[in-house]
Protein chains: 2
Amino acid sequence: MPTLSEVASLAGVTSATVSNVLRKRGKVGEQTRLRVLAAVEQLGYRPHLTARALAEGCAPTLALMVSSIANPFYPEFALAAERAAHANGRFLIVCNTNDDPVTGRAYLDQIAGTLSEGVLVMNANLSIDDLKKTEQRGAPVVLCMWEKPDAPPELPCIAVDFFEAGAIAGRHLIGLGHQHIGALVGSKINGIHAERYKGYLSACAAAGQKHPQNRTGYIEDSVEAGYESTKALLKAHPQLTAIFASNDLPALGALNAAADLGLKVPQDISIIGITDIQWARLSRPALTTVAVPTVSAAEMAVALLLDLISKPGQSAAMRITATPQLIERASTGPATC
Amino acid sequence: MPTLSEVASLAGVTSATVSNVLRKRGKVGEQTRLRVLAAVEQLGYRPHLTARALAEGCAPTLALMVSSIANPFYPEFALAAERAAHANGRFLIVCNTNDDPVTGRAYLDQIAGTLSEGVLVMNANLSIDDLKKTEQRGAPVVLCMWEKPDAPPELPCIAVDFFEAGAIAGRHLIGLGHQHIGALVGSKINGIHAERYKGYLSACAAAGQKHPQNRTGYIEDSVEAGYESTKALLKAHPQLTAIFASNDLPALGALNAAADLGLKVPQDISIIGITDIQWARLSRPALTTVAVPTVSAAEMAVALLLDLISKPGQSAAMRITATPQLIERASTGPATC
DNA sequence: GTGAAAGCGCTAACAG
DNA sequence: CTGTTAGCGCTTTCAC
């Protein structure tokens, strides 16, 4: 690969000048500029991003920490984040923590500030302490789609009003006349869906309905867990006419459980999820769900991170994305009893 | 962030020595080693990966080019690739080309050899010429899950026997007694599924069945396209008892079309796909499909790429992964007429 | 064993 | 306007 100085000597100038024409800095004579450009073209010169990063003291990469990029929710976020990053001249490194704090910490220690200029953190089971530590070391951190507004994150974050998402789901079910509702709350690992559940409970309370504790299954955030839990719930409480799931994956599992139990959705039982992942519209019946603003959250997260990178020492404000939206599809309908 | 020389002066040695103990190179006196380690610990020193990359002339990153990481097939590949890369001390940069050759070329020009040491290419609509050019510039390229064994790739690649995958699917359907089979072949964009279709046709021929051209829909690789095409196919050919889809997404669309048409799967119509993406096991009925060795392909691709990186000028051999496997689930059954 | 010095490719003052 | 001069933080001969 040709270097700057090779281009320089071909053009009969010095590397500083070449750098200047390439970065459009300083003033360069029109003819030398042309000469340099010709040399660049002739040699097929491309700037060495690693060298540039070292010299500038700033790498053109951002890291995205997720538990697993194969989790159906992350790819859409990652796509939006990568696009936003690239639109700003940055590249995105994807790190799968596998929900293992040790792996996560190792990633942070390795790349934060040394290879990537900042880090976006999705639900990757990283400790706030580790994150604060990497922030103190100079690599900005942005929590993405933060769900616990009451627990001060102590770190910049993009928050989504998951309480409202839960409330919307609850109101939808109640509005349809459902009085016996089962709930699927995940994930067990980090109890991160508590906010959604609280929102749902608040909707019940507001309608004067009470939700008995034993109608809630605390489960993992997966189709399989939703499937099993729904079967158990329906066996214990045959009178249920609806299922509130704190996430789409368990909701989809509930759909399958209903089908395998010979129940018709939504005639016999209504099911609602939260998030609106890709599959939600593709299941049969298509899943009614509360869409969360994933794309805008990703864009905001990248914007916030870039802000923090450009202005070190900035205060760590929390930004909030658009309100979740009910997406009414075919898995919910009026209560029949 | 503390630097090597800061650690060095704390330990009362020179940076070369610190480097030696950290890289476990050369011989270092046991006591100096301990002293250095203590200093590293005390300062919380972490090697600056960008600086190291520049000095070593080798970046610790690999790039993965995909059309869109949100396409349901890529995340599983990306997960496996990232794990394999990280197991070898490399980080993975994800690049979404959006199927746009211009975007793809820009990515290659920017990072290949300057920020990432090599590039993995999934179906990203990049021209072979562009790829060969980046290879010539010194950044190894590995084509992942290459499907056209007859068209010499001229580039190192991991090939999957998609012809056999198609044949397996065809044999399965024929073995079940199906004589009137419709075919969904995608994607239209790059005609990349031809091999799968050929395999399917060969299975028909081997069984003495002929597949009329007008029973094939050439479509995009999506659930929606599969849905529409299945409806059209079924309308034009009501006698069809099975659908062969060259990919799972259209197969899932076919499943939905059958459901919306009031057809029971597999009693009225059998449907088979190829790939075995995550959703395949989650649909109702669960999709019978021919699983492709995604994970091993990803691992082999990373291994090949690392080989090429470590041994420049190596011959570009094609490596082949495991044979596709039939995964019999609930969407296929005996022909009833 | 350990240190001195050069250099990876580029940027960023500062001179001229 | 353009060239000179230092580095960025680390690795790597090559002496001592």
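Each chain gets a letter, A, B and so on, in the order its sequence line appears, and its residues count up from 1. Being a predicted model, the structure only gives us computed values, none of them experimental.
Candidate nucleotides D/dC10, D/dG3, C/dG3 were compared by shortest atom distance to the side chain of B/Ala55, and D/dC10 ranks first. Comparing D/dT2, C/dC10, D/dC10 by their nearest atom to the side chain of B/Ala51 picks out D/dC10.
Using cut-offs of 30° and 60° for the angle between ring planes, the B/His86 and B/Phe91 rings count as tilted.
Taking atom CG of A/Leu49 as the reference point, atom P of C/dC10 lies 10 Å away to the nearest angstrom. As rounded to whole Å, 10 Å separates atom P of D/dG9 from atom OH of B/Tyr45. Whole-Å rounding puts the A/Arg35 CZ to D/dC1 C1' distance at 12 Å. Rounded to a whole Å, the CG atom of A/Leu54 is 12 Å from the P atom of C/dG9. Following rounding to the nearest Å, A/Leu4 (CG) and D/dT5 (C1') show an atom-to-atom distance of 16 Å. The CD1-P distance, from A/Ile111 to D/dG9, rounds to 19 Å in whole Å. Straight-line distance from the CZ atom of B/Arg46 to the P atom of D/dG9: 13 Å, rounded to whole Å. Here the P atom of nucleotide D/dG7 and the CD atom of A/Glu56 are 18 Å apart, to the nearest Å.
Comparing A/His48 and B/Arg33 along DNA chain C, the residue whose closest nucleotide (by nearest heavy atom) sits nearer the 5' end is B/Arg33.
At a cut-off of 3.5 Å, with distance as the only test, a side-chain donor of A/Arg83 or B/Asn98 sits close to an acceptor on the other residue. Between the side chains of B/Asn20 and B/Thr17, no donor N or O sits under 3.5 Å from an acceptor N or O.
Nucleic acid contact for B/Thr32: sugar-phosphate only, since backbone atoms but no base atoms lie under 4.0 Å from a heavy atom of the residue. Among the atoms of the strands shown, base atoms are found under 4.0 Å from some heavy atom of B/Thr14. Residue-level contact check: B/Gly29 touches the backbone only, with heavy atoms under 4.0 Å from sugar-phosphate atoms and none from bases.
Distance check, rounded to the nearest 0.5 Å: CG of A/Leu304 to CE of A/Met318 gives 11.5 Å.
Between A/Arg137 and A/Asp109 there is a salt bridge, since a side-chain N of the basic residue sits under 4.0 Å from a carboxylate O of the acidic one.
Of the side-chain N and O atoms in B/Ser19, one or more sit less than 4.0 angstrom from OP1 or OP2 of D/dT11. Taking only side-chain nitrogens and oxygens, A/Thr17 comes nearer than 4.0 Å to OP1 or OP2 of D/dG3. Distances shorter than 4.0 Å separate some side-chain N or O of B/Arg52 from OP1 or OP2 on D/dT11.
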